[in-house]
Structure formats: C-alpha cells, structure tokens
Amino acid sequence: MITRKRLTTGVGIALATLAAGLGTAIPAAADEAPAAPSPKVELVLDVSGSMRTRDIDGQSRMAAAKQAFNDVLDAVPEQVQLGIRTLGADYPGEDRKVGCKDTRQLYPVGPLDRTEAKTAVATLAPTGFTPIGPALLGAADDLEGGEGSRRIVLITDGEDTCGPLDPCEVAREIAARGTHLVVDTLGLVPNAKIRQQLTCIAEATGGTYTAVQHKEELSGRVKQLVDRAAEPVVTPVATEGAKSCSGAPELKPGLFTDRAEIGQHRWYRVDVLPGQELRASASVAADRAVDDDYGVLLRAVTVHGREIVRGSEAGTGRTDVISSGLRYPKPEVEDGDDGDGKPAAETVCLQLAHSFSAPASVKRSPGLPVELTVDLVDGPDTASDVAAFGLGRGWWLLGVLVLTGLVAGLLTGWISRWRVAVWRTN
C-alpha cells in the first residue's frame, strides 16, 4: 500500500513537471520572431557572339565575366537565394526567329551550391543573338513567389538585337505587375545607345545602370548589388532641392532622390541638436553622355552662409556614379535652450553641386539622378573628436604646422646671427 502511494505520488510529480515544462515551452516558442523571408537574386549574363571581343584587361569579355562570377559566387550571403540565366548561349545559327528565343535558366534560384554554379558558368561560350527582352521576362518568372526582395542583375555588352520586343517596355511591364522586382544593369561597352537602353531598363524598375570596363569593377559592382538584396529594403523618398537655403526642404534621416541639371546647385536643410552628429552623403549619376573630368561637392553651411565642413570627390570618366560625404558633430551645450526645456537645434544647410559637363547636343532636362542620404547619430564622447569651430581637426594640424615653422624660423635666424657675431669678434 505504501509502495502504491509512493508510485502514485511519483507519477503525479512527473506529470506536473512535464505539464510545467510544456507550459513554459509553448510561450517561448510563440515568442520567437518569424524568420525573415529570403531575398532572391538572378544574374542574367549575355553570352552572345560579341562577348568574344578582347577589350577587358587584355581578356575577352566572356573570360572577364566568368572570373567576376567566380568572385561573386564565393561571396554570396548565406540567406540569399541565387540563380543564373543566360541569353544567346545555345543557338549558333543565323535564324533570327530561333536565336531571339535563346534564353534559359543555367542555375535555378535557390540555396547556392557554389561548386555546381561555378561549373555551370565554366561551360559557357559566346554563341548567338542578344535577346534581352525575353531574358528579362524569363528571369521575372524565375523569381516568382515568396515575400522577400527580388533583384535581377543584367550583364551585357550590347543592346537588344531581337526587336520589336523592346526591353525597356518589358521592364515597364515587369514594374506594372507590382511585384517590387528591381532590375540593375551593367554595360561592358561605353556606347551611347547601349547606355540609353540599359538606363531605361533600370529606371523603369527603380534599379541602377553602371558602365564597367575592368574585371575588378564588374565583380565589385555585382557583389554590391547581391549584398544590397540581402539588406533591409529602404524606399527612397523623392524630394526637390531649392535654389537657396532659405527655400530648401527640411530633411529627416533617410534616403532621398532628386534631379540636378548641369550647372545647377541644390539646397536642403537639416536640423541638428546639440550632442548629435550629422552624416550626409550624395551621389550623382551620369545617365547620359558627359565629358570626362568631373566632380561632386557637398557642403554644410550655416543659415548665415558660413561654411561648416565640406566633402568633395573627382572623377575622370571611368565611372558613371560619383559620391561624396561629410560629418558634422555638434557638441553638447550646458546652457542654451528654446525656453521649453529642450535644447535648441541648429539648422544646417546642405549644398550639393557637381561639375558634370556635356556636349550641346545632350539633353539637359530632366537633370542628372541624385541620391542623398541623411543620418543623425549620437555625437562623439570626447571633445577632441568634435569639429572645432565647425572646421574639422585638419585646421588644428595646420595651426600646429604654422607654429612649428614660425619657431623653427626664429631659432634658425637667432643661431645665424649668433654665428655671424662670433665670427666678427674672432
């Protein structure tokens, strides 16, 4: 009897313990955040006959593309589902009707087997036509399904040769589906007609166009685009800069787009509180034929016109996008509020200027695409990291150098006079 009571008690304790464990386990499982949907990317590679041309670092365009693909496949983030589609890779004949259907999925969109994908790319040889439109439609179908971001990266050395199906109209059709699919284009030949077509494809879907002429540029840009697919999606906000600071739009932290015509300055305003650091960057893209040698300037200026800090960058025609940025840490203040117990913000005017020029035949409107990033973060803790007088620590270094030169000059002069006096005495 005693044994039965002990057994019953033991079973009761075990059941109670199990119930308690289940009770705590179920809420824990319920609290777990759902896994983020995997982003999908499909690389669309032109394998048409023109890819045999040897003009990329002494290699054929096809060889350079294969090496770039190997670099990219090694660096694809684990969460990205990646696929590869080709155009012009299989039909070697002259029948245009057949050649313009020559597009296929070389590697399916999904978890990446790097060895298998590299092996598939290694078998490619330049072959046929350039059916960009059908390839884009096929890639859009390959990326169907799922809730994650989707991106097509098109690498080609020429414009579509399979009209009347216009790739730009295809891109607009893809955008009209409302599937939030972005197409980025990379052109291997800096040709005006190619640039125009690839730019139109990219702009129709909110993507980017880049001209690349070197292996490092190609692999670096494709890596960047694949990584961008894995990052949280930030929707740019369209804004319109003013001709002066007084009428400039007030920007909050975020990503903004604008247009700046050749020879035009754009102004924006940002309020910076004491203890905050303003970080701003601007990129200007040449979406049309421009002259070599250009630059971009981003200045932070007070409302009274005094320059606080600036950032600038120059280019020589090797890239279609040029960027510059600046940082302005505003130090904490002990006294100085607006009467409501809140610290007074300083209005900083951002001036964006660029020195792109173009032949008279090139259209001026709309202006060149501008991407502006604004962020406000906690300022640095140490006073030495704060831009003194708003001019940055470089001015302190200049002051030290001037003082050192002055002292050295005085000492050199004094020693010379002393040596002359001793010489005359002796």
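Starting from 1, each residue takes its place in the sequence as its number.
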Any heavy-atom pair between the side chains of Leu143 and Val109 that's under 4.5 Å? yes
Would you please say whether a donor-acceptor pair under 3.5 Å links the side chains of Thr239 and Asp258? no
Distance from Thr257 atom OG1 to Glu240 atom CD, nearest 0.5 Å? 11.0 Å
Would you tell me whether Asp184 and Tyr209 have side-chain atoms, one donor and one acceptor, within less than 3.5 Å of each other? no
Contacts satisfying side chain to side chain donor-acceptor pair (under 3.5 Å) that involve residues 408-422 (not counting sequence neighbours) are none
Full working for side-chain contact (heavy atoms from CB on, under 4.5 Å) between Thr185 and Thr199: CA-CA 7 Å; Thr185 58; Thr199 299; over 6 Å; no
Is Pro369 close to Val284 at the side-chain level, that is, under 4.5 Å between some pair of heavy atoms? no
Quick check: does any side chain N or O of Ser149 sit under 3.5 Å from a backbone N or O of Ala229, one acting as donor and the other as acceptor? yes
Is a donor on one side and an acceptor on the other found under 3.5 Å between the side chain of Ser324 and the backbone of Ser312? yes
Output the distance between atom CG (Asp375) and atom CG (Leu255), rounded to the nearest 0.5 Å. 11.0 Å
Are the side chain of Lys40 and the backbone N or O of Glu144 linked by a donor-acceptor pair below 3.5 Å? yes
Sidechain-backbone polar pair: Thr86 side chain, Ala89 backbone, donor-acceptor under 3.5 Å: no
Mind jotting down which residue pairs meet the disulfide (SG to SG under 2.5 Å) criterion with at least one end in residues 236-266? Sequence neighbours excluded, please. Cys245-Cys349
From Leu106 atom CG to Leu43 atom CG, the distance as rounded to the nearest 0.5 Å: 10.5 Å
How would you list, by chain and number, every residue that makes a salt bridge (charged side-chain N to carboxylate O under 4.0 Å, His left out) with Asp55, sequence neighbours excluded? Arg61
Looking only at heavy atoms, what is the nearest atom pair of Ser246 and Ser244, with distance? OG-OG, 3.1 Å
Using salt bridge (charged side-chain N to carboxylate O under 4.0 Å, His left out) as the criterion, list what pairs up with Glu147, not counting sequence neighbours. none
N/O donor-acceptor pair under 3.5 Å between Arg266 side chain and Gly241 backbone: yes
Can you list, pair by pair, the side-chain donor-acceptor contacts under 3.5 Å of residues 159-169, counting residues two or more places apart and other chains?
unit_1: Glu159; atom_1: OE2; unit_2: Lys193; atom_2: NZ; d: 3.4
unit_1: Asp160; atom_1: OD1; unit_2: Cys162; atom_2: N; d: 2.6
unit_1: Asp160; atom_1: OD2; unit_2: Ile132; atom_2: N; d: 2.6
unit_1: Asp160; atom_1: OD2; unit_2: Gly133; atom_2: N; d: 3.2
unit_1: Thr161; atom_1: OG1; unit_2: Thr130; atom_2: N; d: 3.0
unit_1: Asp166; atom_1: OD1; unit_2: Cys168; atom_2: N; d: 3.0
unit_1: Glu169; atom_1: OE2; unit_2: Arg172; atom_2: NH1; d: 2.6

Set of side chain to side chain contact (heavy atoms under 4.5 Å, CB included) partners for Lys223, sequence neighbours left out: Asp71, Val72, Ala75
List for me each residue that meets side chain to side chain contact (heavy atoms under 4.5 Å, CB included) alongside Pro92, sequence neighbours excluded, and say none if there are none. Thr127
Taken to the nearest 0.5 Å, the spacing of Leu154 CG from Leu225 CG works out to 11.5 Å
Using side chain to side chain contact (heavy atoms under 4.5 Å, CB included) as the criterion, list what pairs up with Lys66, not counting sequence neighbours. Met62, Val121, Leu124
For Val407 and Leu411, what are the C-alpha separation, side-chain angles and deciding distance, and is it a side-chain contact (heavy atoms from CB on, under 4.5 Å)? CA-CA 6 Å; Val407 172; Leu411 287 175; 4.0 Å; yes
Can you list the residues that meet the salt bridge (charged side-chain N to carboxylate O under 4.0 Å, His left out) rule with Arg85, with sequence neighbours excluded? Glu42, Asp142
By salt bridge (charged side-chain N to carboxylate O under 4.0 Å, His left out), which residues pair with Asp74, not counting sequence neighbours? Lys118
Side-chain contact test, heavy atoms from C-beta onward, threshold under 4.5 Å: evaluate it for Leu350 versus Val270 and give yes or no. yes
Does Gln213 reach the side chain of Pro190, with side-chain heavy atoms less than 4.5 Å apart? yes
For Cys100 versus Pro134, what's the shortest heavy-atom pair and its separation? O-CG, 3.5 Å
Just so I know, are the side chains of Ile56 and Leu218 near enough to count as touching, which here means a heavy-atom distance under 4.5 Å? no
My understanding is that only residues two or more places apart in sequence, or in another chain, count here; which of them pass side chain to side chain contact (heavy atoms under 4.5 Å, CB included) with Pro366? Arg259
Please answer whether the main-chain N or O of Leu181 pairs with a side-chain N or O of Arg150 as donor and acceptor at a distance below 3.5 Å. no
Is a side-chain donor-acceptor pair under 3.5 Å present for Thr316 with Asp292? no
Listing request: all side chain to side chain donor-acceptor pair (under 3.5 Å) pairs with a residue in residues 107-117, at least two apart in sequence or in separate chains. Glu78-Arg114
Determine the minimum heavy-atom distance between Ala204 and Ala175, stating which atoms define it. O-CB, 3.3 Å
Any luck finding a side-chain donor-acceptor pair between Thr208 and Arg221 under 3.5 Å? yes
If you apply the rule salt bridge (Lys or Arg N to Asp or Glu O under 4.0 Å), what do you find for Arg96 with Glu94, and how did you get there? CA-CA 6 Å; Arg96 186 185 189 85; Glu94 300 296 328; over 6 Å; no
Short side-chain to backbone donor-acceptor contact, Thr53 and Ser50, under 3.5 Å: yes
Check: Asp102 side chain, Tyr91 main-chain N or O, donor-acceptor pair, under 3.5 Å: yes
Near Asp378 CG, under 6.0 Å, is it more than 12 heavy atoms from other residues, nucleotides or ligands? no
Any side-chain heavy-atom pair of Val301 and Arg306 under 4.5 Å: no
Should the pair Lys330-Glu346 be classified as a salt bridge under the 4.0 Å nitrogen-to-oxygen rule? yes
CD1 of Ile174 to CD1 of Ile152, rounded to nearest 0.5 Å, is 5.0 Å
Give me the atom names and distance for the closest heavy-atom approach of Ala289 to Ala358. O-CB, 3.6 Å
Are Gln276 and Tyr328 linked by a side-chain donor-acceptor pair shorter than 3.5 Å? no
To check you understand the geometry: which heavy-atom pair defines the closest contact between Leu368 and Ala285, and what is its length? CB-O, 3.5 Å
Using a strict cut-off of less than 4.0 Å between a Lys/Arg side-chain nitrogen and an Asp/Glu carboxylate oxygen, indicate whether Glu261 and Arg364 qualify as a salt bridge. no
Heavy-atom donor-acceptor pair, His354 side chain to Phe356 backbone, under 3.5 Å: yes
To the closest 0.5 Å, what do you measure between CG (Asp291) and CD1 (Ile262)? 8.0 Å
Quick one: does Glu313's side chain get under 4.5 Å of Ser323's, heavy atoms only? no
Side chains of Tyr268 and Pro249, heavy atoms from C-beta outward: is any pair under 4.5 Å? yes
List the atom of Ala345, the atom of Asp271, and the distance in Å for their closest heavy-atom pair. CB-CB, 4.1 Å
